[in-house]
Student: 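Got a structure for you, questions after.
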There are 2 protein chains.
Amino acid sequence: MSEETPSRDPHLQVICQRYPDYPAQAAAVVRTAKLIARRIHDRANATLSEHGLTHPEYNLLMMLYGSDDYRSTPSLLAQAAAEKSANITRLTDQLCRKGLIARSPSLSDRRKIEISLTPAGVGLLEESLPSTCSDLQELASHISVQDLQQLVQLQQRFLAALDLHPSAARPA
Amino acid sequence: MSEETPSRDPHLQVICQRYPDYPAQAAAVVRTAKLIARRIHDRANATLSEHGLTHPEYNLLMMLYGSDDYRSTPSLLAQAAAEKSANITRLTDQLCRKGLIARSPSLSDRRKIEISLTPAGVGLLEESLPSTCSDLQELASHISVQDLQQLVQLQQRFLAALDLHPSAARPA
DNA sequence: TATGAATAGTTTATTAATGTACTAAATAAA
DNA sequence: TTTATTTAGTACATTAATAAACTATTCATA
């Protein structure tokens, strides 16, 4: 490890002393991404519980909100929300039970299901958005728009590297 | 929403048309962090399964590897690895059963447990590190060290904002 | 010194998430 | 046209993760 260690994590310094080839910078990116995701998840769950939603449910609803005609398919949702297909089934079952989404057969491909927001789903989302957005906006207010944009851009470059390099182990 | 939408996600553009106050940049940060964390998790699980480890187990082992005397406590591990304490218990139970860590009572505080890597734990870690590190290094090779450092720094600024703003909802 | 509050870690029940197997349908190849 | 392969989504069993409750211990306050 020839470059400087990220300063916020004393563990990394010790690791690099013990294993000099440890890619500390990349490990720090990964670790911090996980911290962000976890912290936001907990925080969002607390806020959304007042509306009877969990964070993963909310994410699916938002993906539908951001789709043409509030409409999508389980596979597209799985991809967009970084969830496995079996979990999409579980989550959409829950949202169906809550009357927030509806399932219908696709007219163009009989394997496919179409999922759309119900009016109640749109209503609940728009009811929850003031608190959700102000919470997130509060966080964002400490960082300039340019810095946020740069952060996203750098994140996306890291993600792009994952696409270039399929896992060295057996395919899942 | 007055600034440009991150370009990689068409959902965000539609969301902002429907709800103009949506903080798109911050949402993009959050979403991309989750994508990174998920992708790395899946990728690491595939690599580590050859060594009989899961990604969360590996993370704990690495935290111990980066601690003085390979030694820590469940609470410190929970914090460092972004896991809840009940999950630390579950994970450390598993690692104990595998003989990779050992528990002992703390001499300074009877509430506390000390957890340390066993020689088998150190051995397994160092056996897994070549493939783990080369995998991660491969990803990192597409981004300059300066860019990685900047990415981490920006991530950490986002995290710092979370500390400044406790959740608006009831404390968990 | 006694009492109240906070901390540490585990247990337990519950929910969340995943891997695998499956059926039906679509697509690709022969 | 037939066969092989891939895709879509769900069922099911299993593992992963969590909230709440708990006991013991430590720390803070009166």
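Order of the sequence lines fixes the chain letters, A, B, ..., with proteins taken first and strands second; residue numbering starts at 1 for each chain.
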Student: Taking the side chain of B:Ala86 as heavy atoms from C-beta outward, which of D:dA17, C:dT12, C:dA25 is closest to it?
Tutor: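 Closest nucleotide to the B:Ala86 side chain: C:dT12.
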
Student: Roughly, in whole Å, what's the span from CG in B:Leu48 to P in C:dT18?
Tutor: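 Those two atoms, CG and P, are 16 Å apart.
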
Student: More than 12 non-hydrogen atoms from neighbouring residues, nucleotides or ligands closer than 6.0 Å to CD on B:Glu127, yes or no?
Tutor: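 Atom CD in B:Glu127 is packed in, count exceeds 12.
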
Student: Whole angstroms only, please: what is the CZ-C1' distance between A:Arg38 and D:dA17?
Tutor: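 Value for this atom pair: 8 Å.
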
Student: Mind checking if B:Glu57 touches a base, just sugar-phosphate, or nothing, with heavy atoms under 4.0 Å?
Tutor: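 Nothing: the residue B:Glu57, judged by heavy atoms under 4.0 Å, touches no strand.
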
Student: Whole angstroms only, please: what is the CG-P distance between B:Asn59 and D:dA16?
Tutor: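 It is 14 Å, rounded to the nearest whole Å.
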
Student: For the side chain of A:Leu91, starting at C-beta, report the closest nucleotide among C:dA17, D:dT25, D:dA19.
Tutor: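 Between C:dA17, D:dT25, D:dA19, the one nearest the side chain of A:Leu91 would be C:dA17.
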
Student: Within this structure, what is the CG-to-P distance between B:Asp42 and D:dT15, rounded to whole angstrom?
Tutor: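 After rounding, the reported distance stands at 18 Å.
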
Student: Over how many whole Å does the gap from B:Asp93 atom CG to C:dT10 atom P extend?
Tutor: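 Rounded to the whole Å, the gap is 7 Å.
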
Student: To the nearest Å, give me how far apart CG (A:Asn87) and P (D:dT15) are.
Tutor: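 Rounded to whole Å, this separation is 17 Å.
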
Student: Quick check on C:dG9: is either OP1 or OP2 less than 4.0 Å from any side-chain nitrogen or oxygen of B:Ser75?
Tutor: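 Checking C:dG9 against B:Ser75, a side-chain N or O does come within under 4.0 Å of OP1 or OP2.
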
Student: A quick test of your reading: do over 12 heavy atoms of other residues, nucleotides or ligands sit less than 6.0 Å from CD of B:Glu126?
Tutor: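 Yes, because the 6.0 Å sphere around CD of B:Glu126 holds more than 12 heavy atoms from other groups.
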
Student: So, does B:Arg31 use its side chain to make a donor-acceptor pair with the main chain of A:Ala80 at under 3.5 Å?
Tutor: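 Judged by distance alone, yes, a pair lies under 3.5 Å.
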
Student: Expressed as a whole number of angstroms, how long is the span from A:Leu60:CG to C:dA17:P?
Tutor: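 Whole-Å distance recorded here is 10 Å.
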
Student: Looking at A:Asp93 and A:Lys98, does any basic side-chain N land under 4.0 Å from a carboxylate oxygen?
Tutor: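 Salt bridge flag = no for A:Lys98 with A:Asp93.
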
Student: Do the charged groups of B:Glu83 and B:Arg90 touch, with an N to O distance under 4.0 Å?
Tutor: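 Between B:Arg90 and B:Glu83 there is no salt bridge, as every charged N stays at least 4.0 Å from the carboxylate O atoms.
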
Student: Quick check on DNA chain C: between A:Ser85 and A:Pro56, whose nearest nucleotide comes earlier from the 5' end?
Tutor: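 Closest to the 5' end, via its nearest nucleotide, is A:Pro56.
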
Student: What does B:Asp109 touch in the nucleic acid at a heavy-atom separation under 4.0 angstrom: a base, only the sugar-phosphate, or nothing?
Tutor: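 Result for B:Asp109 = sugar-phosphate.
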
Student: So, OP1 or OP2 of C:dG19: does either fall under 4.0 Å of a side-chain N or O from A:Lys84?
Tutor: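 For A:Lys84, the contact criterion (side-chain N or O under 4.0 Å from OP1 or OP2 of C:dG19) is met.
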
Student: Which one, C:dA16, D:dT25, D:dT10, comes nearest to the side chain of B:Arg110?
Tutor: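 It is D:dT25.
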
Student: Between A:Ser108 and A:Ser106, do the side chains contain an N or O donor and an N or O acceptor separated by less than 3.5 Å?
Tutor: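 Yes, because at least one side-chain N or O of A:Ser108 sits under 3.5 Å from a partner of the opposite role on A:Ser106.
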
Student: Side chain of A:Ile113 only, heavy atoms from C-beta on: which candidate in C:dT11, C:dT18, D:dT10 is closest?
Tutor: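 Taking heavy atoms from C-beta onward, the closest nucleotide is D:dT10.
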
Student: Consider the side chain of B:Arg111, meaning its heavy atoms from C-beta on, and name the nucleotide among D:dG9, C:dT7, C:dA24 that approaches it most closely.
Tutor: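 Ranking D:dG9, C:dT7, C:dA24 by closest atom to the B:Arg111 side chain puts C:dT7 first.
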
Student: Check every atom of C:dG9, D:dT10, D:dT26 against the side chain of B:Thr89 and return the nucleotide holding the closest atom.
Tutor: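 Between C:dG9, D:dT10, D:dT26, the one nearest the side chain of B:Thr89 would be C:dG9.
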
Student: Rounded to the nearest angstrom, tell me the gap between atom CG in B:Leu76 and atom P in C:dT7.
Tutor: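 Distance check: B:Leu76 CG to C:dT7 P gives 14 Å.
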
Student: Take A:Thr73 and B:Ile88, find for each the nucleotide of DNA chain D with the closest heavy atom, and name the residue whose nucleotide sits nearer the 5' end.
Tutor: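 Closer to the 5' end of DNA chain D: A:Thr73.
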
Student: By nearest heavy atom, map A:Glu114 and A:His41 onto DNA chain D; which one lands nearer the 5' end?
Tutor: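 Counting from the 5' end, the first nearest nucleotide belongs to A:Glu114.
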
Student: Tell me the bend of the helix from C:dT1-D:dA30 to C:dA30-D:dT1 as the angle between end helix axes, each from five pairs, rounded to the nearest 10 degrees.
Tutor: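 The angle separating the two end axes equals 40°.
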
Student: Test: ring pair (Phe, Tyr, Trp, His ring centres under 6.0 Å). Region: residues 80-116 of chain A. Which pairs qualify, not counting sequence neighbours?
Tutor: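 Listed by first then second residue: nothing to list.
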
Student: Looking only at side-chain N and O atoms, does B:Arg90 come under 4.0 Å of OP1 or OP2 in D:dT15?
Tutor: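 So the side-chain polar atoms of B:Arg90 never come under 4.0 Å of the phosphate oxygens OP1 or OP2 of D:dT15.
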
Student: Using 0.5 Å steps for rounding, measure from the CG atom of B:Asp163 to the CD atom of B:Gln156.
Tutor: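 Separation between the atoms: 11.0 Å.
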
Student: Just to confirm, is there a sub-4.0 Å distance from OP1 or OP2 of C:dA16 to any side-chain nitrogen or oxygen of A:Gln94?
Tutor: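 For C:dA16, OP1/OP2 do have a side-chain N/O of A:Gln94 under 4.0 Å.
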
